[in-house]
There are 2 protein chains.
Amino acid sequence: MTPRNKELNEKVKDERREQILSNSLRLFAKKGLAATKITDISKATGISQGLLYHYYKSKDEIFIELLREGYNKMIEAALGLESLPLTPLEKIKMAIEKLLQGFEENKDTAYYYLLINQASIFEAIPDEAKEIVKSRSLLHEVITRIITAGQKDGTFKNYDPKDMAVVFWTSLNGLAIYNAIQGEDFKPPDANILIGIFIED
Amino acid sequence: MTPRNKELNEKVKDERREQILSNSLRLFAKKGLAATKITDISKATGISQGLLYHYYKSKDEIFIELLREGYNKMIEAALGLESLPLTPLEKIKMAIEKLLQGFEENKDTAYYYLLINQASIFEAIPDEAKEIVKSRSLLHEVITRIITAGQKDGTFKNYDPKDMAVVFWTSLNGLAIYNAIQGEDFKPPDANILIGIFIED
DNA sequence: AATTACATTGAATAAAATTTCAATCAATGG
DNA sequence: CCATTGATTGAAATTTTATTCAATGTAATT
C-alpha cells in the first residue's frame, strides 16, 4: 500500500529540514530575522517557496527552532565544562580557548551567537524566542559557580563573581560579534588577555 | 513676500527632524532597521506618514544620518580622550568609566552602539552605512596608540597592543549590548575588572 | 482680508512579501 | 505497469509595507 519506504522518506524529510535550517541560520545571522525574506531562504536552499511552507509554517518557526538548538548547544557545553575534573582556572581557560577556536573552525558557532543576540536585543521577535533567551541566566550561573570556586581556592581575583561572569560573557559575546564582522580576516586575540580578567599573571 | 519668518521656519523644521531622528534611533536600536516600519516611526513621532517623506526620502536615509551622528560622537570622544593630559592608564580608566556611566545615564549612548553594531554585522544595510562603519578601525587605532604608550611607560601588560585594543572594544561593545538587553535592570560591573585586562593590580 | 509659502494630512497607489493551493511529478509496493 | 502517497512546483490571492499626491491648514506678510 505504502508507495514509499517510510524510513527513507523520513530521512529525506530530515535532510530537507536540515538544509533549510542550515541556510536559514546563515541568513538570519548575516541579515537578521526581519531582513531575511522567505524567498531568500528558499532560493538559498534551492527549493520553491511553496515547499518551504510544507516544512515550516513560518519564518518565525524556523528562527525559533534554530534559537532553541543554539541555546541547547551552549548550555550543554557550559554544563559539560563545569562537570569536567579540572580546576576552575583550567575550566575558564578551556571555555575561552574552545570558543575562540570554534569561531575560527566552524562558522555556525558564531552564527548561533548572533542569533541569540538578535533574540535578546530586539523586541520584534516572536514571544517563544523571547522565552528561550530568558535561560541566558543559566549560563551566567554556571560561570558564576566556576568563578566562586576559583576564588575559594585562591587562584581568582576577588571581585563580585556575578560581575566577573557578566564581563566574561559580554567579552566573549563581543568577540563573537567582532568575528562575524571581520569574517575571513578574523584573528582571535591571545586568550591570555581575557584570562587576565580572572587571575593575576 | 515670504509668509513666514525664515529662521523660525528653519527652527521648526529642525525640531521636527530632531523628533524624527530621536524616535528612529530608539526604534532602530530596539527593533532593528528592517523590522522598524515607516509607520512605526511616524506613529512614535506623532506625525502622518506623508510628513515623514517630507523630511526624509526613505527609512535608509534616517538610518544613515543616525549612524553618521553616532560615529562622529564616538570618534570625537576617542580623539578628545587621547589628547587629554593624562597617563595612558588614566585614559583607559576614563574611557571605561565614562562609557559605563553613559549607558546608565543616557540611553542614546547605548542606542548608538546598537546601531553601529547592526550596521557592522548585517549585510542588508545601505551601502552608505557600510562605508561609514569602515571607520571603525579609526577607533581601534586610537586605543592601540594609548596602549602602546602605556606599555612604553611600563604600566601596561605586554601583549600585542592590537590584540588588547580588540579585547577592549569588543568587551565594551559586549557590555553595551548587555546593557540594552537588561534595560532598567542594568548594573554596570566594577570597572576595575576590565582594567585588569591592561594592568596587574 | 488677501496672498503666499510651505507644513501637514490622509487616502490612493504601487511595490514587496507572505501564504495558500491546485496541479504535477517521482518513487515504490503490489 | 498501475495505484498510491506525499514531495514539489509555480502562480494566484492575500497581506503588509512603502511611496506618492491632491487637498487642506496655518501663520506671517502686505
Side-chain angles (χ1 to χ4, degrees), chain A residues 1-24 27-28 30-66 122-126 128-129, chain B residues 1-24 27-28 30-66 122-126 128-129:
Chain A
M1 291 297 143
T2 44
R4 196 181 294 202
N5 183 299
K6 265 275 159 72
E7 292 90 60
L8 178 62
N9 215 314
E10 276 305 311
K11 215 188 103 194
V12 170
K13 256 180 120 170
D14 282 352
E15 272 167 20
R16 267 270 182 270
R17 275 181 210 281
E18 200 39 63
Q19 286 168 21
I20 294 170
L21 286 177
S22 132
N23 284 294
S24 300
L27 288 166
F28 286 151
K30 288 194 174 182
K31 310 178 66 154
L33 172 60
T36 302
K37 306 304 174 188
I38 286 285
T39 123
D40 295 331
I41 298 175
S42 63
K43 268 189 198 141
T45 312
I47 61 178
S48 68
Q49 243 167 280
L51 189 56
L52 235 169
Y53 284 91
H54 186 71
Y55 287 98
Y56 291 98
K57 61 173 180 294
S58 70
K59 203 170 68 170
D60 283 0
E61 198 181 66
I62 302 176
F63 187 80
I64 290 165
E65 180 155 343
L66 283 169
F122 294 147
E123 286 175 355
I125 63 152
E128 218 176 325
Chain B
M1 293 298 144
T2 45
R4 197 181 293 203
N5 182 300
K6 266 275 159 69
E7 293 91 58
L8 177 62
N9 215 313
E10 277 305 310
K11 216 188 101 195
V12 170
K13 257 180 118 168
D14 282 352
E15 274 167 19
R16 267 270 181 272
R17 276 182 210 280
E18 200 38 63
Q19 288 167 19
I20 294 169
L21 286 177
S22 133
N23 284 293
S24 302
L27 287 166
F28 286 151
K30 288 195 176 183
K31 308 177 67 153
L33 172 60
T36 302
K37 308 303 173 188
I38 285 285
T39 128
D40 296 332
I41 298 176
S42 64
K43 268 189 200 144
T45 312
I47 60 178
S48 68
Q49 282 200 52
L51 188 55
L52 234 169
Y53 283 91
H54 186 70
Y55 287 98
Y56 291 98
K57 61 174 180 295
S58 68
K59 203 170 69 171
D60 282 1
E61 199 181 64
I62 302 176
F63 187 80
I64 289 165
E65 180 155 344
L66 284 169
F122 293 147
E123 285 174 356
I125 64 153
E128 219 175 324

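Worth saying up front: this structure is predicted, and the values here are computed from it rather than measured. Residue numbering restarts at 1 for every chain, and letters A, B, ... go by the order of the sequence lines.
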(message) Less than 4.5 Å apart, side chain to side chain, heavy atoms only: is that true for B:Ile125 and B:Ile64?
(response) no
(request) Provide, to the nearest angstrom, the distance between the CG atom belonging to A:Leu27 and the P atom belonging to C:dA17. (result) 14 Å
(message) Rounding to an integer number of Å, can you tell me how far B:Glu15 CD sits from C:dT8 C1'?
(response) 16 Å
(request) Return the residues of residues 48-61 of chain B meeting this criterion: a heavy atom under 4.0 Å from some atom of DNA chain C. Order them by number, or give none. (result) B:Ser48, B:Gly50, B:Leu51, B:His54, B:Tyr55
(request) Would you please name every residue forming a salt bridge (Lys or Arg N to Asp or Glu O under 4.0 Å) with A:Lys59, sequence neighbours left out? (result) none
(request) Please lay out, stage by stage, how A:Asp40 and A:Asn23 fare under the test side chain to side chain contact (heavy atoms under 4.5 Å, CB included). (result) CA-CA 9 Å; A:Asp40 295 331; A:Asn23 284 294; over 6 Å; no
(request) Assess whether side chain to side chain contact (heavy atoms under 4.5 Å, CB included) is satisfied between B:Arg16 and B:Gln19, documenting all intermediate values. (result) CA-CA 5 Å; B:Arg16 267 270 181 272; B:Gln19 288 167 19; 2.8 Å; yes
(request) Return the value, rounded to whole Å, for the distance between atom NZ of B:Lys13 and atom P of D:dA27. (result) 18 Å
(request) Starting at atom CD1 of B:Ile47, determine the distance to atom P of D:dT24, rounded to an integer number of angstrom. (result) 21 Å
(request) Kindly write out the residues that satisfy side-chain contact (heavy atoms from CB on, under 4.5 Å) with B:Lys30, not counting sequence neighbours, or none if the list is empty. (result) A:Glu123, B:Arg26, B:Tyr111
(message) Please check this pair: side chain of B:Thr36 against backbone of B:Leu27, looking for a donor-acceptor N/O pair closer than 3.5 Å.
(response) yes
Would you mind writing out the side-chain donor-acceptor pairs for residues 43-56 of chain B within the sub-3.5 Å range, not counting sequence neighbours?
from, atom 1, to, atom 2, distance (Å)
B:Thr45, OG1, B:Ile41, O, 2.7
B:Ser48, OG, B:Leu51, N, 3.3

(message) Under the rule for ring pair (Phe, Tyr, Trp, His ring centres under 6.0 Å), what residues qualify as partners of B:Phe63, not counting sequence neighbours?
(response) B:Phe28
(request) Give, ordered by number, those residues of residues 32-41 of chain A having at least one heavy-atom distance below 4.0 Å to an atom of DNA chain D; if nothing qualifies, reply none. (result) none
